[in-house]
Peer 1: 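Before I ask anything, here is the structure I am working with.
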Amino acid sequence: GSSESGGSGSSGSGGSDGGLTMGFAQVGAESGWRTANTKSIQDTAKSEGVDLKFSDAQQKQENQIKAIRSYIQQKVDVIAFSPVVETGWDTVLLEAKRAKIPVILTDRSVDSKDDSLYETFLGSDFVQEGEKAGDWLVENADESDVDGDGSIKVVELEGTTGAAPAIDRKEGFGSKIAADDSIEVVASQTGDFTRDGGKKVMETFLKSEKGIDVVYAHNDDMGLGAIEAIKAAGMKPGTDVKIITVDAVKDGMTALSKGEINFIVECNPLLGPQLMDLAKKVVDGEEVPKRVVTEETTFDQEQAAEVLDQRQY
Amino acid sequence: MSQTQTPAAVGSGTPAPTREVAPTADRPAAAPVVEMQGISIAFGGVPALDDVALRLYPGEVHALMGENGAGKSTLIKALTGVYAVDAGTIVVDGREESFTSPAASQAAGISTVYQEVNLCTNLTVAENMLLGREPRRLGGIHTRAMNRRARATLDRLGLDIDPASVLGRHPIAVQQLVAIARAVDVEAKVLILDEPTSSLDADEVARLFTVMRTLRDQGTAIVFVSHFLDQIFEISDRLTVLRNGRLVGERMVAETSQLELVKLMLGRELATLEELDREVAATDLVDRSATPVLKVLGLGRKGSLQATDLAVYEGEVVGVAGLLGSGRTELARLLFGADTADTGEIEVHGKTRRFRSPRHAIDRRLAFSSENRRAEGVIEDLSVADNMLLAMQASRGWLRPIPAAQRHALVTKYVEALDIRPANPDATMRNLSGGNQQKVLLARWLLTEPELLVLDEPTRGIDVGAKAQIQQLVADLARRGMAVVFISAELEEVLRLSDRLVVMRERRKIDERLNDDVSVSDVLELIAGQERPTPEEAPRG
Amino acid sequence: MSAATTTTTGPTAWERLRGWSPPSQYLPVIATAVVFVSLFGVGGVRYEGFATPEVALNLLVDNAFLIVLAVGMTFVILTGGIDLSVGSVVALSTMIAARTLEAGWAPGLAVAAVLLTGTVLGLLMGLVIHYFDIQPFIATLAGMFLARGLCYLIGVESIPIRDETFFSVAAASVPLPGGYSTTPTALVALGTVVVAAWVLHRTRFGRTVYAIGGSQSSALLMGLRVASTKVGVYAISGFCASLAGLLFSLYMLSGYSLHAVGMELDAIAAVVIGGTLLTGGRGLVLGSLLGVLVLGTIQTFISFDGTLSSWWTKITIGVLLLLFVVVQRLITRRQP
Amino acid sequence: MAETPARTADRGGRLALLRRNPLLWPVVALVALLAINVVANPGFLSLRMQDGHLYGNLVDIARNGAPVLLVALGMTLVIATRGIDLSVGAVAAISGAVACVYIAGAPDGGSVGTAIVACSLALATCVALGLWNGFLVSVLGIQPIIATLVLMTAGRGLAMLVTDGQITTVNNSTFAGLGVGFVATLPIAILVALGVFALTALVVRRTALGMLIEAVGINPEASRLAGVRARTIIWTVYVFAALCAGLAGLMIAGNTSAADANNAGLWIELDAILAVVIGGTSLAGGRFSLAGTLVGALFIQTLATTIPNLGIPAQTNYLFKAVVVILVCLLQSPRVRHALRVRRRTLPMTAKAGVA
Ligand SMILES: Nc1ncnc2c1ncn2[C@@H]1O[C@H](COP(=O)(O)OP(=O)(O)OP(=O)(O)O)[C@@H](O)[C@H]1O
Ligand SMILES: Nc1ncnc2c1ncn2[C@@H]1O[C@H](COP(=O)(O)OP(=O)(O)OP(=O)(O)O)[C@@H](O)[C@H]1O
Ligand SMILES: [Mg+2]
Ligand SMILES: [Mg+2]
């Protein structure tokens with residue numbers, strides 16, 4: 001039910017040089033992934049002649065709401081944002097709808113009963129990412145049992161407590177490994193998506209759990225932290241302990257190609273081109289699918305070595 | 001005046017025999033309104049009060065006497081619930097009380113002005129006077145009524161202060177008067193004034209006494225603490241003397257001589273005082289043809305001091321007299337670089353200097369002891385030794401700490417020389433009585449071996465014995481060649497000590513003369529002659 | 001002739017105006033107001049549609065919770081204390097509101113539960129601070145951890161608020177003359193400011209707050225009710241934090257344990273920008289209101305500009321905060 | 001094991017002295033925390049040697065606590081002058097960012113020389129930042145919380161500006177050594193932190209600096225009038241705090257061989273302030289205790305280690321922290337101590353009364 005809202009009514013202050021004005025409310029700049037995402041959007045906007053109003057919410061939902069309300073007042077043509085959390089967007093999206101400004105969600109979705117509040121959601125499928133990680137582990141179960149005791153003990157480094165990617169990646173991963181009785185998550189704790197957090201949590205895991213076979217980290221940064229902890233404990237990451245992560249940022253890919261990580265599920269931050277494309281369609285009143293999943297792949301160690309040079313972020 | 005009771009035995013530690021009669025003949029038999037018995041308080045094991053008694057009768061002014069640190073303020077705080085007593089009973093109006101807070105004692109009709117002015121400088125004068133009992137209207141404070149009431153009380157004390165002005169903008173003396181006004185404003189059974197006159201001038205003291213007399217005649221019991229013996233004898237009916245935290249005696253004022261009282265307080269003959277009386281300022285010894293230690297030309301600062309000239313010579317004591325707010329403090333601060341001057345020049349030993357901060361002045365061997373001991377003098381949480389050595393250490397620089405042995409020697413020397421009590425260099429400065437704090441501060445400056453010492457009210461709030469010691473010290477220092485600028489509200493003291501006299505009024509110097517037999521009334525005439533600015537009053541060279 | 005009369009009357013009026021100087025305690029607030037207005041003016045010149053009543057009204061709407069928070073913080077800071085727990089209490093309030101509403105409580109009951117929790121938390125901190133002589137910074141830091149911990153106990157995921165009443169209040173708009181409109185939350189915030197100003201200036205409690213800030217020992221010796229007042233301001237701050245939490249719930253329509261992280265710093269900054277001294281005893285709630293509006297204007301500024309990289313946002317806020325504090329400091333420096 | 005009465009009496013006196021020692025409760029709390037850990041995990045205190053390196057929980061606590069200790073050292077002196085420095089976390093981030101960006105851009109990114117230049121550059125930047133804070137506080141007279149709030153806000157932005165928003169990874173073993181390296185069986189981080197601690201203690205207590213700092217903290221105006229260079233001293237402590245924070249930032253960056261502008265040293269200022277307060281230094285300024293800060297920092301880190309070690313769910317760690325912090329502070333509160341002492345003193349007091 002998105003057909004009418006993108007009509008010509010909203011393009012009043014539209015592009016002077018043919019381009020359109022987009023308000024984008026970013027979550028923040030909390031990780032390498034996020035900055036790559038920001039850069040992609042800004043660069044694409046520039047090259048496509050889109051007048052981009054960008055704001056950084058510093059991980060605070062209220063800042064995002066303020067920014068969106070300000071975009072509504074500025075009468076931009078389209079609003080895009082990556083919600084900090086899933087809930088609590090109904091009123092502000094309703095305001096946007098009343099002002100006839102179409103909204104595109106990127107990267108993360110909102111939890112609203114009324115899906116007419118936004119035009120489309122462009123982003124990765126976090127559950128699927130978790131599933132890909134789980135699938136790989138189930139497939140490679142035999143090699144992953146590094147201590148050969150027949151059971152595969154997994155420790156999980158979770159993302160920020162309550163964040164959608166953390167919840168979904170855990171869920172997806174859990175659903176897949178349930179298929180194999182020998183795989184068991186023996187400990188799981190939040191590392192806040194940071195290297196330091198990953199390292200500290202891994203240090204305690206290494207002390208409190210015996211015979212860890214696999215680390216599953218919700219992002220590369222925590223995985224890289226875990227590598228440091230494993231090295232500090234005198235073990236060899238990727239060999240003595242298998243490591244699976246999500247994201248595929250450059251540092252992660254480098255570690256993967258060096259054999260310190262075993263498998264990475266990609267989560268593509270370069271949403272700029274797809275976003276601008278969608279935005280133009282939406283403003284022109286074209287029909288767009290309600291859900292656009294980012295094209296993403298997975299990497300094992302050989303694949304990483306091949307693509308490493310082309311990785312920009 | 002016929003008296004009905006016998007004075008307590010001199011020197012004995014026992015309190016006077018109990019009696020049921022009020023002190024003055026024209027107000028017969030009445031029960032005491034306050035009766036404290038066997039009061040003991042110790043701070044960290046050190047007794048400050050030991051078995052002390054105090055009785056107050058309605059309609060008397062009762063002086064509480066004693067040297068610095070004798071325990072006067074502590075006794076008062078025990079009565080008003082600031083300190084809990086370790087032993088003893090307090091009976092107010094026939095009921096035994098144990099106040100747990102000043103609020104409780106206030107509710108019981110005891111109104112107090114504590115020694116250190118305890119008001120809120122961020123609030124207005126009227127608010128300070130009426131905090132906690134503001135007039136209200138429609139459930140809210142009625143500001144206009146509050147200002148009116150404050151104005152009325154201030155008028156009673158003869159004070160011309162805007163009740164709506166912020167207290168902090170007034171000098172400390174005005175603040176003290178406001179504190180008194182606050183205490184007087186309530187119709188209290190007992191009014192306690194702990195050194196209320198220490199920063200007041202004669203005029204203000206007179207007005208305060210008028211109010212005290214009125215209140216006394218209305219039946220209020222008044223406790224009065226002061227180190228000015230004249231004031232004690234002028235206003236009080238009866239007195240209680242403390243020494244070293246013990247009760248020495250309870251006397252009728254009319255039956256006690258000054259000398260006797262001093263003996264009671266000190267527990268010894270007052271040799272020093274008498275000696276000092278013989279001390280005549282050695283005016284002739286000062287060589288005024290030499291280069292002055294310090295010379296200022298046209299020193300001034302907008303809003304606080306008009307351009308002033310002054311020269312101080314080696315071995316000379318220059319006394320500065322003037323009314324409250326006449327600019328004496330401002331002059332001292334400008335001399336020392338505590339404030340920066342807008343105009344004028346400073347020469348030290350004939351060389352032009354600029355003092356942009358006190359440190360520059362200290363480098364040129366100047367020293368300045370501020371009148372505001374608490375805010376600008378003591379470092380409360382540091383030890384006596386650290387406080388004493390602070391200026392010396394600061395001028396040596398942090399990299400050269402004073403060696404422990406030297407430290408010890410210096411501190412011991414000054415603790416002894418100035419008779420600082422407790423004689424413990426490690427005692428925390430906060431716990432010293434006001435007078436002893438002042439002595440530590442003096443020691444701080446003497447340790448820097450200054451050539452010019454600027455003393456702003458160095459004897460404020462100090463007992464007779466200590467005051468004599470300090471005066472003696474100033475005289476000695478001058479004799480040994482130190483130049484001293486001596487500021488005091490007490491004219492006699494200024495006249496006694498100074499070789500030369502500077503008189504200030506309305507923030508400028510109005511007179512300067514050699515002190516050869518200048519009398520108090522001469523000076524009073526000079527500083528009080530505001531009403532008739534006739535030509536003959538113009539400043540003279 | 002007429003020219004002569006104008007010249008004689010003119011200067012006197014001008015002179016009176018020039019000679020008039022506001023009471024010193026209002027100077028910082030006036031400075032804040034001046035900066036606020038000039039910020040707004042600069043925005044109006046630079047960006048189209050900036051200096052409009054809508055944007056100004058929006059400032060109130062977008063910052064209603066922060067205004068209430070800053071009001072509570074003003075009480076605490078006026079006594080010379082500080083309350084670091086308010087951000088966490090806001091988060092806790094959203095969690096309690098969301099969870100109780102989810103569990104089917106009546107909205108009134110949920111509101112009461114939120115306000116009670118906040119006030120009691122504040123009260124507890126006040127008691128600890130006063131009776132155990134623990135420094136406010138530390139006691140409220142512990143309070144901050146405690147409230148955050150309670151949030152996690154309630155739930156780690158964000159909980160949507162779908163209650164009809166909340167929803168309709170959140171979406172409601174109050175018409176104003178001239179065709180403008182605002183929200184109930186903004187009115188609640190303004191109401192809080194008015195009530196707080198009245199309490200601070202027209203009640204004994206309020207004057208005691210100032211007295212304690214001026215000198216606690218003096219207030220004690222003057223026989224004022226220091227204990228109850230000191231505990232009271234933390235209870236008030238707790239109450240305001242939970243009220244702000246409710247406004248925040250209405251703004252976000254969700255409860256989340258990571259809401260309002262660091263919001264206490266925003267509140268403190270607003271209070272200080274409003275001219276209240278952190279050492280206590282001086283300041284006005286009106287200043288805090290203006291302080292919040294200044295912070296809000298800065299944000300609006302940045303989103304109207306819309307070209308700043310994410311790090312420039314932080315730097316800009318820092319620089320503006322700095323400019324602000326320095327300018328205000330210079331304006332008020334001449335005062336004693 | 002019979003003891004002579006004299007010796008027992010002597011011991012009693014020493015006990016009383018101990019009881020009055022301000023370090024008593026922090027140390028007791030630290031020991032208690034360690035004891036709890038031992039109960040939960042009997043091997044907690046064990047140390048082992050591997051490849052000439054010392055490993056074990058205690059070593060980890062000290063190593064992970066090193067940045068907090070460093071920051072807290074600087075914070076102690078700032079707090080002693082009545083100030084507070086909220087910007088240390090941001091300064092740590094900037095320091096790490098500057099070092100990592102320099103190393104990443106250097107032609108020979110792995111060499112010792114590069115690491116040294118990078119660290120010097122980072123520390124020089126921190127000195128500049130400290131000068132800035134000190135300028136705001138001591139010259140412009142802006143309240144410390146606000147003055148440092150400016151850099152706290154802008155600092156992370158600056159760090160991101162330096163790293164261009166990326167997490168900058170480096171590959172330099174010398175640099176990483178600051179965080180993870182070992183010298184003479186002990187982690188370098190511990191040695192550096194203890195070294196700074198010892199040096200600070202020496203400079204502060206063997207010269208007059210400590211006393212002057214306290215004087216300025218207790219009564220700035222009186223100190224100024226006594227000729228103390230109050231402004232210079234205040235300025236210096238902010239520079240020192242920034243320098244310590246910078247060193248901590250280098251450690252944090254070395255620990256993961258990466259500069260994370262957003263998360264490095266996040267909320268470390270709060271931990272540092274807690275450490276200072278637990279160590280018995282009053283936030284009101286004045287007297288300070290560096291040894292207390294050391295104990296406080298170790299306590300904070302042990303607490304952080306204890307929570308996962310006890311298997312307490314991560315959700316409740318804030319609650320745990322709140323309760324422990326309040327408990328420790330209560331034990332230290334003069335009021336509570338007084339109450340405890342009064343109860344103990346009742347007996348001798350009545351005895352004295354009986355004699356009198
Ligand atoms: N809070 C305190 N802690 C420890 N010792 C104290 C405290 N207050 C007072 N003392 C000590 O108790 C003694 C009595 O002090 P008090 O202030 O009562 O003297 P005073 O007679 O009022 O002297 P002054 O004339 O100088 O004001 C002094 O030795 C002082 O050092
Ligand atoms: N009655 C008053 N009302 C308001 N301000 C006053 C009053 N008297 C003095 N002042 C202020 O006092 C300052 C000058 O007084 P200063 O302290 O130099 O006088 P002083 O002669 O040293 O008096 P003191 O006896 O207090 O030492 C001026 O700045 C003036 O504003
Ligand atoms: Mg006294
Ligand atoms: Mg004076």
Side-chain angles (χ1 to χ4, degrees), chain B residues 38 40 42 44-45 47 50-51 84 86-87 333 336-339 357-363 366-370 372-383 385-402 407 428-430 441 444-445 447-448 450 454 456, chain D residues 16 20 22 77 80-82 138-139 202-234 236-237 240 281-282 284-289 334 337-339 341-342 345-346 348-356:
Chain B
S40 296
D50 185 5
D51 192 21
D86 293 340
R333 290 179 65 90
F336 186 64
D339 295 327
S357 81
R359 218 161 36 75
H360 295 124
I362 294 169
D363 286 347
L366 263 64
F368 166 62
S369 161
S370 160
N372 196 344
R373 192 161 59 218
R374 195 154 74 151
E376 296 174 357
V378 301
I379 314 282
E380 288 190 326
D381 291 329
L382 290 188
S383 65
D386 281 343
N387 266 284
M388 220 182 251
L389 296 168
L390 184 63
M392 183 180 175
Q393 183 64 66
S395 68
R396 282 169 71 108
W398 64 272
L399 262 176
R400 295 197 302 137
I402 303 164
R407 235 177 109 87
T428 306
M429 191 71 163
R430 179 194 296 284
L441 295 183
R444 173 191 291 176
W445 290 116
L447 275 165
T448 63
V454 182
D456 193 2
Chain D
R20 240 176 289 137
L77 298 192
T81 63
R82 269 193 197 180
S138 72
V139 178
L202 198 74
V203 167
V204 161
R205 292 301 181 200
R206 285 280 168 265
T207 69
L209 192 60
M211 191 262 275
L212 295 180
I213 287 176
E214 289 179 344
V216 169
I218 297 164
N219 192 338
E221 181 57 13
S223 306
R224 187 181 79 96
L225 288 179
V228 179
R229 295 168 182 259
R231 187 177 281 188
T232 317
I233 285 180
I234 291 176
T236 313
V237 296
F240 178 69
T281 300
S282 159
R287 318 239 34 179
F288 63 90
S289 158
R337 282 203 202 175
H338 186 72
R341 216 177 308 139
V342 162
R345 221 183 52 178
T346 328
M349 281 259 298
T350 39
K352 192 180 81 184
V355 172

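No experiment lies behind these values; they were computed from the predicted model shown. Chain letters run A, B, ... following the sequence lines, proteins first, then strands; residues in each count from 1.
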Peer 1: Between D:Arg287, D:Met211, D:Arg229, which has the largest tally of heavy atom pairs under 4.5 Å with chain B?
Peer 2: D:Arg229
Peer 1: Any idea which heavy atoms bring D:Ala284 and D:Arg82 closest together, and the distance?
Peer 2: O-CG, 3.3 Å
Peer 1: Could you look at B:Ala338 and say if it's the side chain, the backbone, both or neither that has a heavy atom under 4.5 Å from chain D?
Peer 2: both
Peer 1: Looking at D:Glu214, D:Arg224, D:Glu221, which one has more heavy-atom pairs under 4.5 Å with chain B than the rest?
Peer 2: D:Arg224
Peer 1: Is chain D contacted by the side chain of B:Ile362, its backbone, both, or neither, given a heavy-atom distance below 4.5 Å?
Peer 2: side chain
Peer 1: Taking all atoms of both residues into account, what is the closest heavy-atom pair of B:Leu447 and B:Met388, and its distance?
Peer 2: CD1-O, 3.3 Å
Peer 1: Over 60° means perpendicular and under 30° means parallel, so classify the ring planes of B:Trp445 and B:Phe336, tilted if in between.
Peer 2: perpendicular
Peer 1: Using heavy-atom distances under 4.5 Å, tell me whether B:Ala361 contacts chain D through its side chain, its backbone, both, or neither.
Peer 2: neither
Peer 1: So which residue, B:Asn372, B:Ile402, B:Asn387, B:Leu390, ends up with the most heavy-atom pairs under 4.5 Å with chain D?
Peer 2: B:Leu390
Peer 1: Using modelled atom types only, decide if a donor and an acceptor are shared between the side chain of B:Gln393 and the backbone of B:Arg400 within a distance under 3.5 Å.
Peer 2: yes
Peer 1: State whether the side chain of D:Ser223 and the backbone N or O of D:Ala215 hold a donor-acceptor pair below 3.5 Å, judged by distance alone.
Peer 2: yes
Peer 1: Looking at B:Ala87, B:Gly377, B:Ala375, which one has more heavy-atom pairs under 4.5 Å with chain D than the rest?
Peer 2: B:Ala375
Peer 1: Counting heavy-atom pairs under 4.5 Å to chain B, which of D:Val203, D:Leu212, D:Leu225 comes out on top?
Peer 2: D:Leu225
Peer 1: Is the positively charged end of B:Arg359 above the ring of B:Phe368, judged by distance under 6.0 angstrom from the centroid and angle within 45° of the axis?
Peer 2: no
